[in-house]
Protein chains: 2
Amino acid sequence: MRLLVVEDEVKLASYLKRGLEADGHAVDIAGDGEEGLWLARNQSYDVIVLDIMLPKRNGFQVCADLRGESNWTPILMLTAKDGEFDIEEALDTGADDYLTKPFSFVVLSARIRAIARRGAPERPAVLEVDDLRLDPAAHTVERGGTEIKVTAKEFSLLEFLMRHSGEAVRKTNILNAVWDWDFEGDSNVVEVYIGYLRRKIDDPFDRASIETVRGVGYRLRVGR
Amino acid sequence: MRLLVVEDEVKLASYLKRGLEADGHAVDIAGDGEEGLWLARNQSYDVIVLDIMLPKRNGFQVCADLRGESNWTPILMLTAKDGEFDIEEALDTGADDYLTKPFSFVVLSARIRAIARRGAPERPAVLEVDDLRLDPAAHTVERGGTEIKVTAKEFSLLEFLMRHSGEAVRKTNILNAVWDWDFEGDSNVVEVYIGYLRRKIDDPFDRASIETVRGVGYRLRVGR
DNA sequence: GGTTCCTCTCAGCGTTCTCTCAGCTACGGC
DNA sequence: GCCGTAGCTGAGAGAACGCTGAGAGGAACC
């Protein structure tokens, strides 16, 4: 998909660009509201990710302008945690969804997919690896038909592994994708959560399971 | 690809230039941050390899400057092991990936290929020599369909041999490519690891195997 | 306000890997 | 056939790596 990210914080902009491109999207970045508005008017995007706090012209104004010009490109707004702005206001000015900073990449990616799908009402593809099924819409995981209860973090982690099944993924990549973008811890937390997931999804048969790739990270092995 | 390497340590810079050119890339070297910034602004590169500790302008500043100017050329940062600097900081300022010194050439080369591929998310090509298969993405090795478990070092060594299959490669070249660039041991490690690999991948049939070229090094012979 | 659940940190432990060393083997020149 | 050197290998030390249990702090829910 073609995405426009309007974000003035260079660190975050670059993080988003990197991740979204790795997901296979074409990403343009605008550093302020006017540049964002100009690009949105002159290019065609599938989704616009729009920060609220922006130089020159804030997110609400950009959003309102576009909707006033009958530009209905889906817009995902980014709001700060200690929301000086009302979240409802984002939706009222015509945004399709919002996300509170800080957020993790897996969550952002899911939201973008979700609002891009609006109007085309199929549910998001269920991820299947072997007899493991993860339904992003229902937020459920099952193995061989029986549901497995997982927490939010475990769910994101498993979703990431399933989207990269068969590949060895580095722990730092997992950290960058699943944890908040400004997460400041060491990667031991990944090991801990891999441990939790294993206890929940591993089974004694030769099915898909999480393998350790020493010195690299982990791989969701496809069983047979 | 066109690569820019910003590195003030002359030994390392020349090592990188030599190796990357042997890989078929065009390499420019900058000795300090300002020169690096100037080249990055005035030339077009596929990837920038950027040391953090630099005279005049450090890697973080160079990276932040470029991102601030909407220059999104993929950047691979080099950080020192005893990280005075936070590694996450490298990614936060807009770097696409980082590598901790000392590193081996095979790893650097793989990372450069990986970040240059962003946006085109296909997996890197599987290497095949005879019935030996090495999958860089999955980090797996198999011979005739059955998986062979190898350690990280063995994997790097085999990858190097397979990328040069049929050629006689010198032990010192192997040492330079697979071991850390400032490795200070004798080349007996290479012999030891060749031994480990042979025990794992050799088979009794007339298939690809590692031959000793006396006085030179080794050759991965292509069987029939 | 209390309880439960979730997330994350930390430290200790066991495993696995890497590398060195020393003695052995075998190749190739004479 | 002998000898010197290059290469091979088994043993073992030390380090790196990954896993886990315990528990603190917070958020969510009643």
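Sequence lines set the chain letters: A, B, ... in the order given, protein chains first and strands last, and positions in each chain run from 1. Predicted model, so just to flag it, every value in this text is computed and none were measured.
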Could you give the [atom1]-to-[atom2] distance, from [X] to [N], as a whole number of Å?
X: B:Glu154; N: C:dC19; atom1: CD; atom2: P; result: 11 Å
X: B:Leu157; N: C:dT18; atom1: CG; atom2: C1'; result: 13 Å
X: A:Arg170; N: D:dC17; atom1: CZ; atom2: C1'; result: 16 Å
X: A:Leu175; N: D:dG18; atom1: CG; atom2: P; result: 14 Å
X: B:Ile194; N: C:dT18; atom1: CD1; atom2: P; result: 14 Å
X: B:Lys200; N: D:dC8; atom1: NZ; atom2: P; result: 18 Å

Is there any side chain to side chain donor-acceptor pair (under 3.5 Å) pair reaching into residues 145-161 of chain B, and which pairs are they, with sequence neighbours excluded?
B:Glu154-B:Lys200, B:Glu159-B:Arg163

What residues, two or more places apart in sequence or in another chain, satisfy side chain to side chain donor-acceptor pair (under 3.5 Å) together with B:Arg113?
B:Ser109

The criterion is side-chain contact (heavy atoms from CB on, under 4.5 Å); which residues satisfy it with [X], sequence neighbours excluded?
X: B:Ala114; value: B:Arg117
X: B:Val129; value: B:Met162, B:Ser165, B:Ala208, B:Leu220, B:Val222
X: B:Thr212; value: B:Arg198, B:Tyr218

Can you say whether the rings of B:Phe105 and B:Tyr15 are parallel (under 30°), tilted (30 to 60°) or perpendicular (over 60°)?
perpendicular

Comparing B:Glu191 and A:Arg199 on DNA chain D - which has the more 5′ nearest nucleotide:
B:Glu191

Is the distance from OP1 or OP2 of [N] to the nearest side-chain N or O of [X] less than 4.0 Å?
X: B:Arg198; N: D:dT9; answer: no
X: A:Thr212; N: D:dC17; answer: no
X: A:Thr151; N: C:dT7; answer: yes

Have a look at the helix from C:dG1-D:dC30 to C:dC30-D:dG1 and give the angle its two end axes make, five pairs each, rounded to 10 degrees.
40°

[X]: salt bridge (charged side-chain N to carboxylate O under 4.0 Å, His left out) partners, not counting sequence neighbours:
X: A:Asp180; answer: none
X: B:Arg219; answer: B:Glu211
X: B:Glu167; answer: none
X: A:Arg170; answer: B:Asp97

Atom pairs, N/O to N/O, protein against nucleotides 8-11 of chain C, distance under 3.5 Å?
residue : atom : partner  : partner atom : Å
C:dC8   : OP1  : A:Trp179 : NE1          : 3.4
C:dC8   : OP2  : A:Trp179 : NE1          : 2.6
C:dC8   : N4   : A:Tyr196 : OH           : 2.6
C:dC10  : N4   : A:Asn188 : OD1          : 3.1

Between A:Phe103 and A:Trp179, ring centroids under 6.0 Å
no

Under 4.0 angstrom, heavy atoms only, what part of the nucleic acid is B:Lys171 near: base, sugar-phosphate, or nothing?
sugar-phosphate

Report, as a single string ordered 5' to 3', how protein heavy atoms within less than 4.0 Å touch nucleotides 23-30 of chain C: B base, S sugar-phosphate only, - not at all.
---BBS--

